[in-house]
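Read the structure below first, then the notes.
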Amino acid sequence: MTSFAFLSDSGFLKAGPATDQPYAVAGIAWDGSTTNRPGARFGPRAIREASHMLCDATHPWFDVTPLGRVGDAGDLPLPNTSLAAMREALAPLADALVRRHHMVWLGGDHSITLPLLRAYWRWLGRPLAVVHFDAHCDTWVDHFGEPSGHGTWVYEAIQEGLVVRECFTQIGIRSAGERAAREYVRDQGGLIYTARDLRGLESPAQLAPVLDAIGARLAAHGQPPLYVSLDIDCLDPAFAPGTGTPEPGGLSTNQVLSLLEGLAAHHCVGMDCVEVAPPYDHAELTSYAAANFVWTYLCGQIAGRIAR
Ligand code: MN
Ligand code: MN
């Protein structure tokens, strides 16, 4: 049994256990691949706790609530010292969950996304489009001498053919790194919006060109299933100090919300929210931001389904 066992009265939005609901969240409390400050293993419980402030969870823009439509599968029982063993144990659990629910995965560090993309590939049999919010490009070809970590998953996903290169979009990138890594996604045919590119652009109208470009890529490539991977360090540390590798000069909460609201126009297949590290958080700013992003994503998808 995991030491991070799920308590049924403390699920995301106080939802009950995942059974037959169309949507579900699951925690992946793994932080063995963090480069700098560990602690993201405590992310899922902090995001759940922050979500409890959302009361009836009726979204003020989408005017829907996930309650009654979402369950919480708890923190998955996974080993916590070997990346390979964690991914091996995660695979069958993820396979079952993606077939049963539209999932939101609560990390955990960003190394959890690669096995999740593999699970979607096994389920759907086709590569995904990805919108990737992050301060870091996560395209490094090795993780400090190891083959895989939380900064290699984009490179590995592209190399494995898990994603449509032209439909891979990065938003918020700004960390140090050599050009080959920083611009790898663009070199492969995808889109990159650095944090600098987006300075001063915050409203839905100002960010519409970003969403239009993503939509045009999806339309041009046969509407591949869309996955959202949100590393909370895309936010400026002023908005999200509780993370392992904070990078000043990042996105605002409003920028990310404008983009997440716009993505509701698309039918997505899943989302993860990773790298929330509560030991470095202040006033729970980071876990509140993460809970709000997950809630906004869920409500956007539910509202989109109703509208469609
Ligand atoms: Mn990342
Ligand atoms: Mn990052």
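Read the numbers this way: they start at 1 and go in the same order the structure lists the ligands and their atoms. Everything numeric in this text was worked out from a predicted model, so none of it was measured. Sequential numbering from 1 along the given sequence is applied to the chain's residues.
D134 lies close to the Mn ion (ligand 2), since one of its N, O or S atoms is found at a distance under 2.8 Å. The distance from the Mn ion (ligand 2) to the nearest N/O/S atom of D138 is not under 2.8 Å. Backbone or side-chain N, O or S atoms of E247 do not reach the Mn ion (ligand 2) at under 2.8 Å. Note on H110: not counted as a metal contact of the Mn ion (ligand 2), no N/O/S atom lying under 2.8 Å.
A salt bridge is defined here as a Lys NZ or Arg NE, NH1 or NH2 lying under 4.0 Å from an Asp or Glu carboxylate O, and D75 with R48 meets this definition.
No hydrogens or angles considered: a donor-acceptor pair under 3.5 Å links the side chains of H132 and D134.
Ring planes of Y23 and H102: tilted class, angle from 30 to 60°. Using a 30° and 60° split on the angle between ring planes, H110 and W153 fall in the tilted class, from 30° to 60°.
Sorting the N, O or S atoms of D233 by how far they are from the Mn ion (ligand 2) puts OD2 first. For D231, the N, O or S atom closest to the Mn ion (ligand 1) goes by the atom name OD2. If you look at H136 and ask which of its N, O or S atoms sits nearest the Mn ion (ligand 2), the answer is ND1.
A distance of 7.5 Å separates OG in S287 from CD in E49, rounded to the nearest 0.5 Å. Note that CG of L78 is 7.0 Å distant from CD1 of I28, once rounded to the nearest 0.5 Å.
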